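Notes follow once the structure below has been shown.
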Amino acid sequence: MNTFLSRNRLIILAYIGMLLLVLITAFFSPGFLSASNLRSTFILASFVGIVALGQTFVIIGGGIDLSIPWVLNSAAVLMTLLCAGQDLPLIWVVPLLLAGGGLIGLLNGAGVALLGVPPIIMTLAANVILQGLILVFTGGTPTPAAPDMIKFLSVGRISGIPVIALIWTALTVLAWLLLSKSAFGRHLYAVGTNVTVARYSGVPATRTTILTYVISGMTAALGGILLTGYSGVAYLGMGDSYLFTTVAAVAIGGAPILGGSGHYIGTVAGALVLTILTGLLPALNLSSGALLVVYGAVILLTVSIGSETFSEMWASASNRRKRIKEGTENG
Amino acid sequence: MKLKALVLAALAATTLAGVGGPALAKSEPYVIYLSNNFVGNDWRQQMERVAEISVAKGPLKGRVDLRIENVENAVQAQINSLNNIMRQKPDAILIDAASDTALNPTIKKACDAGIVVISFDQVVTAPCAYALGSDWDMIPAVMAEWLAKEIDGKGKVIVDRGLAGAPISAQLQGGYEKVLANYPDIEVVGYYNGEYALGPEQSGVAALLAANPQVDGILTQGYGSGAIQALKDAGRPIVPVVGFSYNVAALTCAQTEGARCILGSNPAYLSSEAIKLAVEILDTGKRPEERSVVVKGDFVTTHPFKSELYPSATMLKIAVGENAFPDQPPGLTLPITPDWVDITAAEAAGSN
């Protein structure tokens, strides 16, 4: 039990933080715990969570994916264009776009793992190129409304449970299996900790790294498709906020930005924390400047509580208490 | 009223030019450049399309050689582009500007070279350039007045603050609140940042609905349809909503049972109006007295009313097929066309 606690301390902290935030928010916002609001909060968190899934894999592997905003945006725009408001084309459009997202990820991963381009440059370039391509491709024409099926998937309910919650849960199980139960997961942690050592130990490092970006491309595309159902339309710039939120969700969930550890289960808490926070802040009636300051500060605080320095301070403090208790050191 | 006179005079001039035929007008088409600093949203794209359409038909057909130059969203890039444009010695330059002041020295050079310079939408302060835009004092005032009347001057409302740090956001918010302050029984119980996008509007309103058991009206700076969706999701009564006139907003208002909306307009055809103004100046050699030229877009609303603050404000009642288009993209800005040329919704959307 103790090893479980210490191994997953950061993830547990993230969930404790989330519960605290729920209590605070419920205090300031009396309707927060109503069924309809919890549902809408959960739906919003699902988008962050789904898009952050890929980011979690990339960050554990020691990289970062900055191409998420326009992979997401491109998928959303292309989905509405190709479907033109009809459900039927989704049969081929969704797989095509997921494959497209995966392909962008493949290029990102190849650039990083094969050509040695730093992940920040590689994925940032991909982001800008995609933005340009989508403007050229659409000629800026506003796109048709989202098909009803997509609306159902993102805001619909099956016996009271949001459909997207089911999708998110299924993806969470999948991510858990990949990270905790598969060879790919073990390889990933090895690569993220030290790629050279991993390579010498026979880990297929290149393939593993590329795969993380492929996953990220696919989840960003999926997020874009589903997010279109939420607002009913795809619009340019809809992915922009997902860059910061995905990285922040991963960080709040306890994964160090340099890779090697962390888990998607933590990211789930991170996505919930960020979404609850955006529900709490308007209820505080702060000015818009103060709002941004508080938003940033809370994230910074949450992340730093889980940082290495803090954990060392924590560990040394508790060791000291232990030694005092055992009488080997004077208080 | 001056504006109206100006618009009328402009109309007369165009009509005259049309009636008088090529004899009156310069035989070569005028070379007019449109310098646009940003293409990343639906509005700017529609603005460019209607500019092109309004010189391809109607009274300006064959009269203007329109060349559109887009630059990335940076002041320096637009200055470079303007310098290049000047070397082509055009008759006029129309500018949707990256900054209201930083382009001024470049613009002065253009004016000194005898080029007619008209800034529109995001206007500039250079005295030699015209500033053509919507009336940002009137728009929020009329909409807040409408909302106050819809809720009989009492109740709790929430207000969209737009985008943190954007001047237009502060202007709209201030415009709403100034009018609401005339109604002592109306209380602003919450603010959210709608960021001119549907997602943030919907989630922002949802958060405030959770925090406030009673909300009687919502003043958005964005679509309004996100606010209506949030009301529906929360199972709350559909209260009066203020927003801006995008197709999706008008359609949502028209198709939602019991919805009451007013949508203000910053028409994408500001570009067409800028072109027309340039042609008039070039044709007649006469310049408007005021450098600031206001274009009035009609309000689009489910419940037209007579504004006491701005009696000249004009209202269009939302009618599906007429001014809300189910078969057109949600992001289309309404109204579609100025009255001196007939631009269709499909043309403005670029969907045909």
Side-chain angles (χ1 to χ4, degrees), chain A residues 25-26 28-41 43-44 47 80-81 84-85 131-132 134-135 138-146 155 227-228 230-242 275-292, chain B residues 39-46 48-49 70 158 161-165 169-170 173 188-193 195-213 223 225-226 229-230 233-236 246-248 251-252 326-333 349-351:
Chain A
T25 310
F28 282 104
S29 176
F32 180 78
L33 293 176
S34 71
S36 69
N37 190 62
L38 284 180
R39 212 163 32 225
S40 88
T41 306
I43 288 173
L44 280 172
F47 299 122
T80 53
L81 275 178
Q131 178 177 15
I134 216 70
L135 285 177
T138 61
T141 310
T143 59
V155 294
L227 191 58
T228 312
Y230 176 71
S231 43
V233 297
Y235 51 92
L236 301 177
M238 67 193 285
D240 291 355
S241 65
Y242 284 85
T275 312
I276 296 166
L277 193 58
T278 49
L280 165 67
L281 292 180
L284 297 178
N285 271 338
L286 301 167
S287 75
S288 41
L291 208 82
L292 291 172
Chain B
V39 288
N41 66 29
D42 294 345
W43 193 95
R44 294 293 181 104
Q45 302 282 349
Q46 188 180 341
E48 293 193 346
R49 267 192 303 273
N70 289 313
I158 58 184
R161 279 192 298 222
L163 191 64
S169 301
Q173 185 192 341
V188 179
V189 291
Y191 297 93
Y192 68 97
N193 292 4
E195 296 172 12
Y196 307 106
L198 273 168
E201 173 177 308
Q202 199 173 328
S203 55
V205 171
L208 285 175
L209 290 176
N212 298 283
Y223 293 75
S225 45
Q229 190 59 47
D233 286 348
R236 302 279 277 264
Y246 297 94
N247 197 27
V248 61
L251 281 174
T252 306
D327 51 345
Q328 294 299 337
L332 203 63
T333 297
S351 54

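The sequence lines fix the lettering, A, B, ..., with proteins before strands; numbering per chain opens at 1. Predicted model only: the values in this text are computed from it and were never measured.
- Heavy-atom distances place the backbone of Thr278(A), and not its side chain, under 4.5 Å from chain B.
- With respect to chain A, the highest number of heavy-atom pairs below 4.5 Å among Ala206(B), Ser225(B), Gly226(B), Gly199(B) belongs to Gly199(B).
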Practice problem: Assess whether side chain to side chain contact (heavy atoms under 4.5 Å, CB included) is satisfied between Leu44(A) and Gln202(B), documenting all intermediate values. | Solution: CA-CA 10 Å; Leu44(A) 280 172; Gln202(B) 199 173 328; over 6 Å; no
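- When the candidates Tyr230(A), Phe47(A), Phe32(A), Phe28(A) are compared by the number of heavy-atom contacts under 4.5 Å with chain B, Tyr230(A) comes out ahead.
- Of the possible polar contacts, none joining the Tyr235(A) side chain to the Asp42(B) backbone as a donor-acceptor pair under 3.5 Å is found.
- With a threshold of 4.5 angstrom between heavy atoms, Ser40(A) approaches chain B through side-chain atoms but not through N, CA, C or O.
- For chain A, the nearby part of Asp233(B) is the backbone; its heavy atoms alone come within less than 4.5 Å.
- In this structure, CG in Leu198(B) is found 11.0 Å from OG1 in Thr228(A), a value given to the nearest 0.5 Å.
- Among Gly204(B), Ser169(B), Ala234(B), Gly235(B), the residue making the largest number of heavy-atom pairs under 4.5 Å with chain A is Ala234(B).
- Here the closest non-hydrogen pair linking Ala283(A) and Ala211(B) is CB-CB, 3.6 Å.
- Interface summary for chain A: among Pro213(B), Ala207(B), Ala210(B), the most heavy-atom pairs under 4.5 angstrom belong to Ala210(B).
- In this structure, Ser231(A) OG and Glu201(B) CD are separated by 10.5 Å, a value rounded to the nearest 0.5 Å.
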